Amino acid sequence: MSAVIEEIFNKINTHKGVEGIILSDNEGIPLKSSFKDEEITYFYTTSASMFVRKCQNAVKTLTGESMNFIRLRTKLNEIMIAPEGNFILIVVQNPTN
């Protein structure tokens, strides 16, 4: 499985503007990160795991459907979050690049 994860990281990392990629479990514990700073990694994983749970509940309540992707855009960056099973993939990119 780690070869598949490594391949996914390498493929995503080649996209223009990607600042970092994180794979975490549903509880926000990082399993792999391309960020050098552990504090940034933990910030994104803990924030994303809480946000994903709230969004999944809201989408399920409002539509009866399940949520599979979140895209947030701020002035500083764009954060893409893909929850899948027991894992959450987080990609942070600079939208101006």
Side-chain angles (χ1 to χ4, degrees):
M1 180 160 152
S2 72
V4 173
I5 293 170
E6 201 63 43
E7 184 180 332
I8 291 168
F9 264 62
N10 290 336
K11 186 175 182 177
I12 293 171
N13 215 20
T14 63
H15 287 96
K16 192 175 180 180
V18 171
E19 295 178 354
I21 308 161
I22 306 168
L23 179 67
S24 77
D25 68 6
N26 284 335
E27 300 302 316
I29 298 170
L31 304 173
K32 182 166 177 60
S33 176
S34 67
F35 285 103
K36 303 289 184 233
D37 188 343
E38 284 184 25
E39 214 171 291
I40 289 173
T41 297
Y42 277 101
F43 172 77
Y44 278 116
T45 58
T46 55
S47 299
S49 67
M50 289 186 294
F51 189 64
V52 163
R53 279 194 297 272
K54 290 180 187 256
C55 288
Q56 284 174 328
N57 288 338
V59 169
K60 187 73 165 176
T61 301
L62 294 172
T63 67
E65 299 288 324
S66 61
M67 181 201 67
N68 57 13
F69 192 79
I70 302 169
R71 178 179 237 148
L72 298 169
R73 184 155 181 175
T74 69
K75 290 181 182 178
L76 298 177
N77 56 29
E78 187 172 46
I79 305 163
M80 292 160 283
I81 305 169
E84 182 64 41
N86 295 324
F87 302 101
I88 300 171
L89 180 65
I90 304 162
V91 178
V92 180
Q93 104 178 6
N94 182 335
T96 60
N97 283 347

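If you're wondering where the values come from, they're calculated on a predicted model, not measured in any experiment. Numbers here simply count residues along the sequence, with the first being 1.
Atom CG in L72 sits 7.5 Å away from atom SG in C55 (nearest 0.5 Å). Of the inter-residue distances, the one linking N77 atom CG with T96 atom OG1 reads 10.0 Å to the nearest 0.5 angstrom. Within the model, atoms CD1 of I70 and CD1 of I79 stand 10.5 Å from one another, a figure rounded to the nearest 0.5 Å. In this structure, Y44 OH and D37 CG are separated by 10.5 Å, a value rounded to the nearest 0.5 Å. Annotation: the span from R73 atom CZ to Q93 atom CD amounts to 8.5 Å, rounded to 0.5 Å.
The side-chain contact (heavy atoms from CB on, under 4.5 Å) test with V91 singles out one residue from E19, H15, M80, and that residue is M80. Under the side-chain contact (heavy atoms from CB on, under 4.5 Å) rule, I88 has a single partner from N26, L23, T45, which is N26.
Proximity of S24 to I29: side-chain heavy atoms (C-beta onward) are nowhere separated by under 4.5 Å. The closest side-chain heavy-atom distance from R71 to F69 is below 4.5 Å. At a threshold of 4.5 Å between non-hydrogen side-chain atoms, the residues V18 and V92 do not count as touching. Side-chain contact between F35 and I21 is absent, with no heavy atoms from C-beta onward closer than 4.5 Å.
The two residues E78 and P95 have their closest heavy-atom pair at N-CD, 3.8 Å.
Here the side chain of S49 pairs a donor or acceptor atom with the backbone of T46 at under 3.5 angstrom. No side-chain donor-acceptor contact under 3.5 Å links N13 to the backbone of F9.
Heavy-atom contacts from other residues, nucleotides or ligands closer than 6.0 Å to OH of Y42 number 12 or fewer.
F51 and I22 fall within a single hydrophobic cluster, where Ile, Leu, Val, Met, Phe, Trp and Tyr are joined by side-chain heavy atoms under 4.5 Å apart, directly or via other members.
With no hydrogens or angles considered, a side-chain donor-acceptor pair links S33 and T41 at under 3.5 Å.
One finds no salt bridge joining E65 and K60 here, because no Lys/Arg side-chain nitrogen approaches an Asp/Glu carboxylate oxygen to under 4.0 Å.
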